[in-house]
Amino acid sequence: LGEYHYEIRWARQRVADGTIAIRRDGDQYVLTADQRTTEFVDRIYRVRYRGETRIDAADLAPVASTIEEEVKKRRKVQRAKYDKTSGTVTVEETRTRGRQGEEEAKAYEIQSDTGILDVFSAIFLARSFDWSIGERHAFMVFIGEKQYAVVLDCIGKDAIEIEGNRHPVWVIQPGIRKSTETQPSSVSQKTRVFIAADESR
């Protein structure tokens with residue numbers, strides 16, 4: 001629980017700020033994420049992003065999520081509801097674009113035998129694991145209408161220095177592939193995720 005602040009950098013330049021907040025609401029966790037580009041980047045490519053996910057506190061399964069996204073003058077709102085009994089996700093999506101603010105709405109359903117997470121629930125779940133070297137976790141994630149098979153492998157333990165302090169971390173190698181493909185993307189295999197090896201995760 002708490003609020004976490006991030007700087008998003010491209011090379012050495014700060015291009016956006018992000019905040020992730022986690023609170024408890026009855027038998028659910030509520031995770032909200034806000035991201036906005038800096039004033040300098042806004043002149044070229046303005047981005048605003050807000051997501052909220054409700055997660056069952058007992059089994060960390062997503063219950064519902066809303067994502068609001070603005071890129072330049074285009075806006076997208078996506079609302080999803082999860083049925084863990086059937087393994088389906090019902091999604092309603094509205095897009096607004098053009099000078100006239102033309103709206104386009106659609107609804108669709110995603111089905112998986114293993115259950116599907118949104119990006120925020122996946123991050124929350126990854127932080128909840130008691131990692132050890134050699135441990136592996138796999139799940140499905142959806143972004144829009146696309147589904148991705150995600151595998152997280154703990155390949156080691158290390159320490160990272162941040163602002164003069166050394167922090168022990170688990171080193172995670174992700175493997176991410178579209179559900180329609182057989183091989184994970186080469187970019188994901190070169191990526192490393194570092195999760196603090198203490199109670200903060």
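By the 4.0 Å N-to-carboxylate-O rule, Arg14 lies close enough to Asp17 to be salt-bridged with it. A salt bridge is defined here as a Lys NZ or Arg NE, NH1 or NH2 lying under 4.0 Å from an Asp or Glu carboxylate O, and Arg201 with Asp130 meets this definition. Salt bridge Arg75/Glu68: present, at least one basic N to carboxylate O contact under 4.0 Å. Ion pair Asp27/Arg54 not flagged as a salt bridge, since none of the NZ, NE, NH1 or NH2 atoms sits closer than 4.0 Å to an Asp/Glu carboxylate oxygen. A salt bridge does not link Arg95 with Glu103: every distance from a Lys NZ or Arg NE/NH1/NH2 to an Asp or Glu carboxylate oxygen is 4.0 Å or more.
Counting non-hydrogen atoms of other residues, nucleotides and ligands closer than 6.0 Å to NZ of Lys190 gives a total of 12 or fewer. Summarising the local packing, CD of Glu39 is surrounded by 12 or fewer heavy atoms from other residues, nucleotides or ligands at distances under 6.0 Å. Within a 6.0 Å sphere centred on CZ of Arg136, heavy atoms belonging to other residues, nucleotides or ligands number 12 at most. Heavy-atom neighbours of Glu135 CD from other residues, nucleotides or ligands within 6.0 Å: above the threshold of 12.
Side-chain contact between Lys84 and Val63 is absent, with no heavy-atom pair separated by less than 4.5 Å. Counting only heavy atoms from C-beta outward, the side chains of Asp153 and Ile172 never approach each other to under 4.5 Å.
Although no hydrogens or angles enter the test, the distance criterion places a donor-acceptor pair under 3.5 Å between the side chain of Asp118 and the main chain of Ser121. Using modelled atom types, one side-chain atom of Gln111 and one backbone atom of Ser86 make a donor-acceptor pair closer than 3.5 Å. Without hydrogens or angle criteria, Thr96 side chain to Glu102 main chain gives no donor-acceptor distance under 3.5 Å.
In this structure, Thr94 OG1 and Glu104 CD are separated by 9.5 Å, a value rounded to the nearest 0.5 Å. Atom-to-atom distance recorded for Ile195:CD1 and Asp198:CG is 11.5 Å, nearest 0.5 angstrom. The NE2 atom of His167 lies 4.5 Å from the CD1 atom of Ile162; values are rounded to the nearest 0.5 Å. To the nearest 0.5 Å, atom CD of residue Glu181 and atom CD1 of residue Ile176 are 12.0 Å apart. For the atom pair NZ (Lys76) and CD (Glu69), the distance works out to 4.5 Å, reported to the nearest 0.5 Å.
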_Residues Asp42, Arg48; criterion side chain to side chain contact (heavy atoms under 4.5 Å, CB included); working and verdict_ = CA-CA 10 Å; Asp42 277 353; Arg48 298 290 182 270; 2.8 Å; yes

_Determine whether Phe40 and Val15 satisfy the following criterion, side chain to side chain contact (heavy atoms under 4.5 Å, CB included), listing intermediate values before the conclusion._
CA-CA 8 Å; Phe40 174 75; Val15 294; over 6 Å; no

*Just do the side chain to side chain contact (heavy atoms under 4.5 Å, CB included) check on Tyr49 and Asp34 with the steps written out, would you?*
CA-CA 6 Å; Tyr49 183 96; Asp34 284 278; over 6 Å; no

_side chain to side chain donor-acceptor pair (under 3.5 Å) assessment of Tyr108 paired with Glu92_ = CA-CA 7 Å; Tyr108 51 91; Glu92 293 178 0; over 6 Å; no

*Between Thr53 and Phe124, does a side chain to side chain contact (heavy atoms under 4.5 Å, CB included) hold up when you go through it step by step?*
CA-CA 10 Å; Thr53 295; Phe124 200 86; over 6 Å; no

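In the hydrophobic cluster analysis, where Ile, Leu, Val, Met, Phe, Trp and Tyr join through side-chain heavy atoms closer than 4.5 angstrom, Val119 is grouped together with Tyr4. Val150 and Ile55 fall within a single hydrophobic cluster, where Ile, Leu, Val, Met, Phe, Trp and Tyr side chains are chained together by heavy-atom contacts under 4.5 Å. Cluster membership for Ile160 and Trp131, using ILVMFWY side-chain heavy atoms within less than 4.5 angstrom, is not shared. Neither Ile143 nor Val77 shares a network with the other; the hydrophobic side chains, linked directly or stepwise wherever heavy atoms of I, L, V, M, F, W or Y lie under 4.5 Å apart, form separate groups for each.
The shortest heavy-atom contact between Ala196 and Val169 is CA-CG1, 4.1 Å. The two residues Thr19 and Glu3 come nearest to each other via the heavy atoms CG2-CG, 3.5 Å. Heavy-atom minimum distance, Arg177 versus Gln183: CB-O, 3.4 Å. Nearest heavy atom pair, residue Ala138 against residue Val151, reads CB-CG2, 4.1 Å. Residue Thr85 comes nearest to Asp83 through the heavy atom pair N-OD1, 3.0 Å, listed as atom of the first residue, atom of the second, then distance.
Two rings, from Tyr148 and Phe142, have their centers 6.0 Å or more apart.
Using cut-offs of 30° and 60° for the angle between ring planes, the His137 and Phe129 rings count as parallel.
In this structure, Arg23 fails the cation-pi test against Tyr29, since its NZ or CZ atom is not both closer than 6.0 Å to the six-membered ring centre and inside 45 degrees of the ring normal.
Side chains of Ser65 and Tyr82: a donor-acceptor N/O pair is present below 3.5 angstrom, by distance only.
Put simply, the residue from Gln147, Met140, Lys146 that forms a side-chain contact (heavy atoms from CB on, under 4.5 Å) with Ile110 is Gln147.
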